[in-house]
Amino acid sequence: MSARLRIAIQKSGRLADKSLELLEAAGLRVLKGANELLYRIENAPIDLLRVRDDDIPTFVGDGVADLGIVGLNVLEEREDGRSAEPVQVMNLGFGKCDLKIAAAIGFDYKGPRSLQGLRIATTYPHVLNRFLAENGVTADIITMRGAVEVAPRLKLANAICDLVSTGATLEANGLAPFETVLRSEAVLIRAPKQIEPELAK
Ligand code: ATP
Ligand code: ZN
């Protein structure tokens with residue numbers, strides 16, 4: 001095992017700057033060298049592994065990284081049993097957003113039962129599937145890679161399940177949110193195996 005602690009963070013995107021700021025505020029001096037994948041910490045035996053956010057739970061679950069910073073939404077969407085589960089350590093208070101169900105403005109929503117038989121487009125099929133099952137609702141889940149908010153206009157779906165922070169994107173597409181499936185923020189995760197005592201000091 002490497003004698004340096006590895007922390008996986010998002011390389012670029014909504015969590016990237018805040019993750020670096022958090023580590024710097026904790027006293028770590030980050031050396032932004034020529035290696036785009038790995039930033040070294042000058043004053044501690046720590047490396048930052050800079051990757052796509054979707055890969056962070058896998059890296060940490062497999063112990064390739066000891067710690068990671070990732071959205072709870074990404075963690076919750078992982079398929080069960082694919083590899084070892086990372087352990088959630090704490091919420092970090094940034095990257096807040098909600099996974100919400102939305103439909104055309106004016107949709108008559110009376111609770112989860114109103115979703116029965118609908119087609120719902122999402123990039124979070126596992127989280128949505130669990131929510132529907134917990135509420136005893138059967139609906140068609142249309143899995144998309146992005147641009148979920150256009151699905152209702154294209155008649156691809158009656159509703160969507162997507163991340164919302166301000167709601168501006170929904171509104172611009174004639175949609176309104178009416179159910180929260182998951183409240184998300186950035187979380188610190190650790191490898192399931194104990195971190196080596198030498199590194200934990
Ligand atoms: P990557 O290239 O690393 O795969 P990405 O495009 O999947 O990036 P980003 O859009 O950078 O991801 O979002 C990263 C995380 O930021 C999300 O998974 C979520 O936890 C959080 N987040 C906060 N607000 C929002 C929002 N309005 N929309 C989407 N994600 C948000
Ligand atoms: Zn991603």
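Read the numbers this way: they start at 1 and go in the same order the structure lists the ligands and their atoms. Nothing fancy with the numbering, it's 1 onward along the sequence.
Note that the CG atom of Asp140 and the CG atom of Asn158 stand 9.0 Å from one another [nearest 0.5 Å].
Sorted by chain then number, the residues whose non-hydrogen atoms approach ligand 1 to under 4.0 Å are Gln10, Ser12, Gly13, Arg14, Leu15, Arg52, Asp53, Asp54, Gly71, Asn73, Val74, Gly95, Lys96, Cys97, Leu163, Ser165.
Hydrophobic clustering places Leu67 together with Leu48 (ILVMFWY residues linked when any side-chain heavy atoms are closer than 4.5 Å, directly or through intermediates).
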Quiz item: Can you check salt bridge (Lys or Arg N to Asp or Glu O under 4.0 Å) on Arg29 and Glu24, steps first, answer last?
Solution: CA-CA 6 Å; Arg29 283 202 299 277; Glu24 284 171 338; over 6 Å; no
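Salt bridge absent: Lys100 and Glu179 never bring a charged side-chain N and a carboxylate O closer than 4.0 Å.
A donor-acceptor pair shorter than 3.5 Å can be found between the side chains of Asn73 and Tyr124.
Here Asp53 contributes OD1 and Asp54 contributes OD1, and at the Zn ion (ligand 2) these two atoms make an angle of 80°, given to 10°.
Tested against Phe94 for a side chain to side chain contact (heavy atoms under 4.5 Å, CB included), the candidates Arg14, Lys18, Glu185 yield a single pass: Lys18.
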